[in-house]
Structure formats: structure tokens, C-alpha cells
**Student:** 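Pasting a structure below so you can have a look.
Throughout, a chain's letter reflects where its sequence line sits, starting with A, and its residues are numbered from 1. Because only heavy atoms are used, hydrogens play no part in the values below, and waters and symmetry mates are left out as well, while side chains stay in.
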Amino acid sequence: MQQPTGGSAIEVDGLVKRFGRFAALDGLDLSVAAGEVHGFLGPNGAGKSTTIRVLLGLLRADAGRVRLLGGDPWRDAPALHRRLAYVPGDVSLWPNLSGGETIDLLIRMRHGDPRSSRRDELVERFALDPTKKARAYSKGNRQKVALVAALATDPELLLLDEPTSGLDPLMEQVFNDCVGEHKARGASVLLSSHILSEVERLADRVTIIRAGRAAVAGLALTGTGPGLEQVFLDAYRQPGGPGPGVAAR
Amino acid sequence: MSGTLAGTVLLTRMALRRDAVAASVSIGVLVLLCVTSAVATPGLYDDEGARVRAAEAINASPAIVALYGPVLDVTSEGELAMSKMTVLYAVFVAVLFVVLVRRHTRVEEESGRAELVGSSAVGRSAPLAAALVEAVLLATLLALLVAVGNTLSGLDARGSAAFGALWAGTALVAAGIAAVAVQVAASARSCAAYAAAAVGAAFVVRAAGDTGPTWLSWTSPLGWNTQVRAYGDPRWWVLGLYPVLAVLLVAVAAVLRHRRDLGAGLVAARPGPVRGSHLLSGPLSLALDLHRTALLLWTLAVGALGILFGMIAPGVGDLLDTGAAAEVLDRLGGLLVAAVLSVMAVVISYFAVSVVAHAGTDESAGRAELVLASATSRARVLAGTLVVALGGSAWLLLVTGAGLETGYLLTDGPAVGDLVTAALAWVPAVWVVAALTVLCFALHERWTAVGWAWPAVFLVVTLVAELFEMPGWVADLSPYSHVPQVPAERWDWGAEGGLLVVAAALLGVAWFRFRRRDIG
């Protein structure tokens, strides 16, 4: 597998994104090393999705430096996207296409080949009926369509925005296994989530975002010290962010 | 109210609020069309004799009768003034009410909002009932405004009341058709196709009846519009037919509603393929796939209308059989073709607008994000939409022209020139309208809906400018005004080239904006 330059999959420094007068991102720092699963936490409206959309080149950064797999996500978007896959939190599909058609389309648009991909295996593992038209899928099943398409080609980087919303516990387990396998191959993940237990189980490090800034940047989860829930609550309860005791863990 | 209708009042108020702008603008445009025709007509004719001769000329040309319906009372000023409005523009009224009913029923179900509403203390039939109550209220408003507007414009008050009522009747029947279609269709999209097919069938049956056996016109609600004879000696009882049919349709819809599940139609959705075809691999093939069915239906519709008008138009030649007259009539035939094409071009513009609007919906729903998160550039995303919108509308004009030509050949009509070329002459103008819509989309996804207004706006501009003899530049604002009326006029490379340059410039600005803007 091609390794990203400098050993980091994502490098964000002082990212600012404004919508009118509202600064959704206000000097965000985020660093995801190659081969790590990086948890990205924050409550609703903190700027998680905005960050991912800047990383995808969908939104244009107003200030700051953004590097993704060694490239500029705004300028090099299509080329970079061949090496990554994205799963949004609220997957909307073309109502008239079947799940199978959608998966193959999404793989092909990343220049992958569905026949040589792990698509069939993943459809099986996620217990997805690929013949249903997308309009007939529940939220969880739409989520599975996006997950299968993303995981099938073994990309270098996964950008996951609350990927398990709507999945049942069994499917969440399958998802956890898949992310584990993905990491075992040496690939990277940016996992935005509300589910602290999921992040705690999967992530090597976490960044907690608060009002468009990193309240906790790249904290390593070692399994000792205060739990993630405590870190998260501290980051949000204290007016100035987390105290030095937490950051020094 | 209780039971399955609980919450209807609340939903009606919500529907009226959501539609406030769109419905006001649409109704405003429709009223304006009537008023401009009503005001301008007296100035067009020197005396009553000239006016009667004009009405007789309409009745003598089957193509115009097929398009507008006959003028049943040639002595009536109102009948002549409203000749375009009675049937042809009533189709726009029907479309508006189909859109309204579908928007508050199946579209809501497909978006999942109806589920949220259905979980509250709102009855199962309340969304449909609310959409229909809204339709009745807006139809009444439309009737009142048209009646008052036409009366103030100098037309007979009694006739104007009858005319307003017949438009409201068309609106009610259209709402009834939509109410049934939303129960039957497997999806919100196919429901639009069913309803459009029903309205189209009503128009074709009426056209066939008006130019052939009259009893056929009576089987079409659009045929009743002419038979009311609003400004002649109104047949009030005909106005009673609309509510009767509407109530029947709604009753059928209500029965069907209780037999289907939320979000599903009576026609079951078929399962799709397990795998995607290797042809479905990018934004262009995706756009083609998404619009394939719509394009097929449009092709059949414009092809059939083309053949119909092509067959009817040369019928003029049968009336006079001398050499000199035949030559005059060839020119007249050319004019008829031009009139038909000018209407078809506006209608086909809506195909292009719908394709661009679909791109806007894809973006607001988050599907554009999925495409752009893949290795697909913005250029290819925009190009996919452009190819289908521009190529599709050009194809539909080609089919229209081929249909007209075929109709002519079938009836051995006099040659009036190359009808395919005549149809293709409209391509650049339609592309300008499409390019304007693309520009709206490129500025912001939210503005894409403005695209639906362009064809109507240009139509109104042309009508108003012509009827009030405004300075030339006013009419020239509309791209449709620049099109040479082939075969009655000569092909004009200057005008066509100018329109193409304008379309290209608009697309250039759109691209400049689209590649730099935020998505979603």
C-alpha cells in the first residue's frame, strides 16, 4: 500500500470555515497519523461534519492549512478521492437504484472494480438485500449500502461521519470488525461519532472539538487513567477546556 | 374532526404556508396571462367584422383548433380573447394543481416527514384531505381573480365569472387526478408521470374531438372548457360536470388510500438488479439512468403530439383547391407549424429545467456529496447534468419535428418546408433557458427552483410586449422571441448564433461559480 507522505493521513492547522458571520470552524487543529484510527468527538453542531466536508473538498477553507494523504483536498479532490472512502451520517440514495446498483456505482466512481472488490463478502456480512430499491431501505440499510461501498475496495483512508447511526447491535459488531481489519492492513480512519464506547474500543487517539476548535487534540487512549467519558465531559464542562491534568495523561 | 381526518385543518394551514410564495406567483402569472389577453384583444381588430373574421379563421384551421379548441361563438369578443386560455393554458392550471396535491402527499411520504406527521394525532387521510382543501381554496381564489381581472379588463362580467369557474373546474379535476395517481403509483416520481399522462390524454382526446367527432370532446374535461361557451351564451350546467368528476376521483382515491401502506402505491415496487451494470459508472451514466424513463415518456408524448398536429395542419389545403390558394395555404401551413413549435419549445424547456432541478435536489438531499466524495470532479458532475438537459431537450425538439413531418407525410399534405429544421431552430432558445437554470443552480442549490419560472416569465414577457406593442427590446428579453419562425421565415444564423453565444456565456459563468462554491 502506498504510504502518505510524512506519515500522516490528515494534517489540519488553524482551519477556519465561516458561513456568513458564523464561524463553524475557528482555528481547528487535527492530525491523523497513517495507520491509526482517530476518534473525532464533539456534540451536535461542534463542527465535525464541516471538518469532514472540508477534508473532502466539498467546502472551501477560509483560512488555515489542510493536507490530506499528502495533497490539497480542495485542489486535488478527484485524485485524492480514489484513495479514500466516505460514509456520511445520514445517507441519502437515488430512490430508483437498487442497493447493489448503488454500491457498484459508488465503487466505480472511485475507479474501483466491483468484481474484484470485497463487495459480495461485505453484502453477506452486513446481511443486506441488494435487490431492494433504495426508496424501500430503512435508515440502517441505507447506512449499510454506504459502508459496503466504502469498505469494499480497501482504501487508504476512511472518513466516517457517525457511520453506525441506525445500525443494530449485531451490525455494529460487524462494523467494528471491519474497522479492525482495515487498521490491521495499515490503513487510517477518521471516525466521527457520538458513541463514546465505540470510539473508546476502536480509536488509538481522539480529538474533541468544541465550538470549532480542538478542545482536546490527539489524546492517546492508553486504557489507563480517566475514561473517555470523563475526558469528554471535562472538555465541555470547564469554561477554558480541559485542565492540564487531563491533557497530560 | 376526528378519525382518519383528524388534523386536516392544521395540515391545510401548514400547506398554505409552505406554498405561499410558489402558489401566489403561479396564480399571479395565470391571472396576468388572462388579463393581458383580455386588455389587448380589442386593439387588435378595427371593427367587429375583423374580429369575427379572425375567429372564423381560427375555426377554419384544424391545427389551431387542435391546439386551442374552437371558438364556439364567433361574435363574442371574450371567446376570441380567451381562445388560448380556455384549453391550452388551462393545461398549466392542471399542472399546477397536480404539483400541489402530489407535493403534500406522496412527496411527503417519501421524504419521511409524513411518518412524523402520521405518528401524531393526525388521521390517515388527513394529508390527502388537507391537500384537497388547499386545492379547493386556491382554485376558488384563482377563479375569483380571473373573473375580476377579466371583467376589469373590459370583458363581459357574466362571461368572466363563467370563465373563472371553468378554470377552477379544471383545477379541481386535476387535483382529483393527482389524488388517484398518488395512491396508485409506486413512487412519487412515477405518480407525476401517471398524472401527466392523464392530463395529456385529456388534451389529445379533446383535440381529436374538436377536429373530428364532437362527442369525443365531451369525454374529456378539457373539452368541457370549450363547451361551457363562457363568453357566448354560457351553458352553466356544464360547470357542474367538473365537481362531479372531481368528487368521483377523490372518492376512488379515498378508497384506495385505505388499501395501501404509507409510502407505497398499489403498484408494487419491483426489485432491482443485484449488481450495477458496468455502464453505470459516473455522473453522466447516472444522470442518463435517472432520467431515462422520463425522457422516454417525453419522447412518446412530443412524438405523438407532433404527428397529431402534422396530420391536422395540412387539412387546410382541402378547403380551397386552386393553385394560387394552395401557395397561400402552404405559407399558412408554415405559420401553423411555427405556432405549434413555439408552444412545444416552451414545454420542452421544462424538460431541461426538470433535469437541472433534479441536480439541485440531489445536492440538497446529500447525494451530490456522495458523488463528489468519489474520484469524480465537479466538472464531470456538472457536465453530466448539462448533457442530459441540453442533449435531451434538443432530442425532444428533433422528435417533435420528425413527428410533424411524419404527420404531414401520412396525410399527403402540401410540403411546407423542412419541419425537422424548423423544430431544431428552437434548440438555441431552449438552451438559453436551460443555461439560465444552470446558472441559478451554480449560484446556490437553493436557487435552482427559480428555473421553473423562466419559461413562464419569457412567455409572459413576449405576450405582454406584443399585445401592448412595447418597444422591441422588451420582447427581445425573451430568447424565444429571437427564433426564426421556420418554415414561415428563413433560417437566421445571426439569431441562432447569438442565442448559442448567450447560452455558452451563461454556462461559462455558471461553471466559474460552481467550481468555487461550497457544496450542500
**Student:** Is a donor on one side and an acceptor on the other found under 3.5 Å between the side chain of R108(A) and the backbone of G276(B)?
**Tutor:** yes

**Student:** Determine whether more than 12 heavy atoms belonging to other residues, nucleotides or ligands lie under 6.0 Å from atom CZ of R18(A).
**Tutor:** no

**Student:** Is a side-chain N or O of S92(A) found less than 3.5 angstrom from the main chain of A365(B), in a donor-acceptor match?
**Tutor:**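 Yes.
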
**Student:** Hey, which of V87(A), L55(A), D120(A) has the most heavy atom pairs under 4.5 Å with chain B?
**Tutor:**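 So the answer, after comparing V87(A), L55(A), D120(A), is D120(A).
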
**Student:** Can you confirm whether the side chains of R110(A) and S374(B) place a donor and an acceptor under 3.5 Å from each other?
**Tutor:** no

**Student:** Given side chains that start at C-beta, do those of D289(B) and L97(A) come closer than 4.5 Å, heavy atoms only?
**Tutor:**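 Yes, close enough: below the 4.5 Å cut-off.
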
**Student:** Mark yes when over 12 heavy atoms from residues, nucleotides or ligands other than W395(B) sit less than 6.0 Å from its CH2; otherwise mark no.
**Tutor:**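 Count not over threshold, so no.
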
**Student:** Within the supplied structure, the quantity of interest is the number of heavy atoms (other residues, nucleotides, ligands) at a distance under 6.0 Å from E121(A) CD; does it exceed 12?
**Tutor:** yes

**Student:** For chain A, which of P273(B), P271(B), S190(B) has the most heavy-atom pairs under 4.5 Å?
**Tutor:** P273(B)

**Student:** Answer whether the closest heavy-atom distance between the side chains of L372(B) and L56(A) falls below 4.5 Å.
**Tutor:** no

**Student:** Considering only heavy atoms and a distance below 4.5 Å, find which of K132(A), K17(A), R115(A) pairs most often with chain B.
**Tutor:**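 Top option by heavy-atom pairs under 4.5 Å: K17(A).
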
**Student:** Check whether any side-chain N or O of R53(A) sits under 3.5 Å from a backbone N or O of I519(B) as a donor-acceptor pair, and report yes or no.
**Tutor:** yes

**Student:** Is the closest side-chain heavy-atom distance between T376(B) and P78(A) below 4.5 Å?
**Tutor:** no

**Student:** Can you list the steps and then say if L370(B) with L93(A) is a side-chain contact (heavy atoms from CB on, under 4.5 Å)?
**Tutor:** CA-CA 9 Å; L370(B) 280 181; L93(A) 303 173; 3.9 Å; yes

**Student:** Kindly compute the distance separating NE2 (H358(B)) from CH2 (W94(A)), expressed to the nearest 0.5 Å.
**Tutor:** 10.0 Å

**Student:** Check each atom of R515(B) against the heavy atoms of chain A and say whether the ones under 4.5 Å are side chain, backbone, both or neither.
**Tutor:** backbone

**Student:** Does any non-hydrogen side-chain atom of P283(B) lie less than 4.5 Å from one of M109(A)?
**Tutor:**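 M109(A) vs P283(B): side chains touch.
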
**Student:** Looking at F19(A), I want to see if its CZ is surrounded by more than 12 non-hydrogen atoms of other residues, nucleotides or ligands under 6.0 Å.
**Tutor:** yes

**Student:** Looking only at heavy atoms, what is the nearest atom pair of L105(A) and L280(B), with distance?
**Tutor:**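 Shortest heavy-atom contact: CD1-O, 3.7 Å.
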
**Student:** Quick one: what part of S277(B) sits under 4.5 Å from any heavy atom of chain A, side chain, backbone, both or neither?
**Tutor:**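 Only the backbone of S277(B) comes within 4.5 Å of chain A.
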
**Student:** Treating D518(B) as the side-chain partner and L59(A) as the backbone partner, does any N or O pair qualify as donor plus acceptor under 3.5 Å?
**Tutor:** no

**Student:** So which residue, L159(A), T131(A), D104(A), ends up with the most heavy-atom pairs under 4.5 Å with chain B?
**Tutor:**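 Result: the option with the highest number of such pairs is T131(A).
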
**Student:** For the CD1 atom of I52(A) and the CD atom of E369(B), what is their distance to the nearest 0.5 Å?
**Tutor:** 9.5 Å

**Student:** Is it the case that over 12 heavy atoms from other parts of the model lie below 6.0 angstrom from the NE2 atom of H444(B)?
**Tutor:** yes

**Student:** R135(A) versus chain B, heavy atoms under 4.5 Å apart: side chain, backbone, both or neither?
**Tutor:**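 Side chain only.
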
**Student:** If you measure from CZ on R119(A) to CZ on R275(B), what distance do you get to the nearest 0.5 Å?
**Tutor:**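 One gets 4.5 Å once the value is rounded to the nearest 0.5 Å.
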
**Student:** If you count heavy-atom pairs within less than 4.5 Å of chain B, which of P114(A), G99(A), P130(A) leads?
**Tutor:** P130(A)

**Student:** Which heavy atom of A375(B) sits nearest to which heavy atom of R82(A), and what is that distance?
**Tutor:**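 That would be CB-CG, 3.1 Å.
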
